Amino acid sequence: MYTRFTQKALNIIYNIPEGKVLTYGRAAALAGKPNGARQISRLLHSMSRKHDLPWHRIINSKGKISLRPSQGYELQKALLESEGVKFSKSDTIDLKVYLWIKPVQMERPY
DNA sequence: CCACTGACTACTT
DNA sequence: CAAGTAGCCAGTG
């Protein structure tokens with residue numbers, strides 16, 4: 001079984017709307033662990049396939065994709081762009097525009 | 001239980 | 001802005 005944190009994290013990730021993104025840190029904080037950013041990355045890595053998660057909507061705090069080229073970077077960028085997310089010249093996403101601010105009281109059960 | 005590993009972060013050089 | 005560093009903590013063996 002997974003921890004409460006992990007379950008909440010999955011729930012959070014499911015709720016990210018199209019065209020919006022969350023940073024690892026924000027996702028972790030929303031799940032109750034302000035310092036659990038690294039757990040988020042592992043969750044995505046190990047469960048995105050079986051759980052059909054919108055893993056591409058998670059980026060790092062600098063507003064950039066953390067994946068390495070040829071390791072999914074291009075795919076993630078393409079998926080985001082297809083949802084309307086714009087990248088700057090330096091492949092950076094403007095968090096002030098695209099960061100998802102989770103509404104209070106709205107959680108779909110996982 | 002211990003050790004190790006990260007798709008991380010914030011801070012400091 | 002780039003590079004190094006010290007915390008971070010659930011999963012895995």
Side-chain angles (χ1 to χ4, degrees):
Chain A
M1 250 332 238
Y2 295 116
T3 62
R4 193 166 136 64
F5 164 74
T6 297
Q7 294 176 39
K8 290 190 70 173
L10 288 172
N11 187 345
I12 301 289
I13 294 168
Y14 260 124
N15 280 284
I16 305 174
E18 278 187 17
K20 288 290 182 180
V21 299
L22 265 191
T23 63
Y24 297 91
R26 286 274 314 155
L30 290 174
K33 286 278 191 278
N35 299 311
R38 309 190 72 158
Q39 281 58 259
I40 299 298
S41 65
R42 192 165 11 67
L43 284 193
L44 299 177
H45 195 67
S46 60
M47 311 166 141
S48 59
R49 178 166 299 186
K50 65 171 83 167
H51 290 269
D52 194 35
L53 292 169
W55 57 273
H56 57 284
R57 301 196 183 121
I58 306 293
I59 60 177
N60 66 34
S61 64
K62 297 191 192 77
K64 299 176 66 172
I65 292 174
S66 289
L67 290 174
R68 302 230 187 110
S70 80
Q71 295 290 316
Y73 184 98
E74 295 84 352
L75 173 60
Q76 181 169 13
K77 184 176 179 184
L79 287 171
L80 288 173
E81 290 184 318
S82 74
E83 295 184 350
V85 175
K86 301 286 197 294
F87 287 74
S88 74
K89 293 172 187 168
S90 54
D91 273 354
T92 303
I93 294 172
D94 187 347
L95 292 177
K96 291 188 300 297
V97 176
Y98 300 104
L99 182 65
W100 178 50
I101 304 303
K102 187 188 179 211
V104 190
Q105 329 189 298
M106 133 181 183
E107 263 186 28
R108 190 192 315 159
Y110 161 56

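For the numbers below, each heavy atom of this structure counts, side chains included, while hydrogens, waters and symmetry mates do not. Bear in mind the structure is a predicted one, so any value in this text is a computation, not a measurement. Below, read A as the first sequence line, B as the second, and so on, with proteins coming before strands; counting in each chain starts at 1.
A:Ser46 comes within 4.0 angstrom of nothing in the nucleic acid, heavy atoms only. Using a 4.0 Å heavy-atom cutoff across all strands shown, A:Lys33 reaches sugar-phosphate atoms only and no base atom. Within 4.0 Å (heavy atoms only), A:Gly25 reaches sugar-phosphate atoms of the nucleic acid but no base atom.
Atom CG in A:Leu79 sits roughly 14 Å away from atom C1' in B:dA7 (whole-Å rounding). For the pair A:Asn35 CG and B:dC8 P, the interatomic distance rounds to 15 Å; values are reported in whole Å. As a whole-Å value, the separation of A:Leu75 CG from B:dA7 C1' is 13 Å. For A:Met1 and C:dA10, the CE to C1' distance is 14 Å, given to the nearest whole Å. Rounded to an integer number of Å, the gap from A:Leu53 CG to B:dA7 P is 16 Å. Atom CG of A:Leu44 is separated from atom P of C:dA10 by 16 Å (rounded to the nearest Å). Rounding to whole angstrom units, CG of residue A:Asn60 and P of B:dC8 are separated by 7 Å. Between A:Arg26 atom CZ and B:dC8 atom P the separation is 18 Å, expressed in whole Å.
The side chain of A:Thr23 lies closest to B:dT9, out of B:dT9, B:dA7, C:dA10.
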Checking A:His51 against A:Leu43 for the side-chain contact (heavy atoms from CB on, under 4.5 Å) test, could you report, in this order, the C-alpha distance in whole Å, the side-chain angles of both residues, the deciding distance, and whether it holds?
CA-CA 10 Å; A:His51 290 269; A:Leu43 284 193; over 6 Å; no
Is there a side-chain contact (heavy atoms from CB on, under 4.5 Å) between A:Leu30 and A:Leu22 once you walk through the steps?
CA-CA 10 Å; A:Leu30 290 174; A:Leu22 265 191; 4.2 Å; yes
Given side-chain contact (heavy atoms from CB on, under 4.5 Å), test A:Tyr98 with A:Lys86 step by step and report yes or no.
CA-CA 9 Å; A:Tyr98 300 104; A:Lys86 301 286 197 294; 3.2 Å; yes
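The phosphate of B:dT9 has OP1 or OP2 within less than 4.0 Å of a side-chain N or O from A:Ser61. In this structure, A:Ser66 reaches the B:dC8 phosphate: one of its side-chain N or O atoms is under 4.0 Å from OP1 or OP2. Phosphate proximity of C:dG11 to A:Thr6: present, with a side-chain N or O under 4.0 Å from OP1 or OP2.
With hydrogens and angles left out, the side chain of A:Arg38 and the base of C:dG7 share a donor-acceptor pair within 3.5 Å. One N or O donor and one acceptor, one from the side chain of A:Gln39 and one from the base of B:dG6, sit under 3.5 Å apart.
The backbone N or O of A:Thr6 lies less than 3.5 Å from no partner atom in the side chain of A:Gln39, so there is not a single donor-acceptor pair.
The CD atom of A:Gln7 sits 12.5 Å away from atom CD1 of A:Ile12, with the distance rounded to the nearest 0.5 Å.
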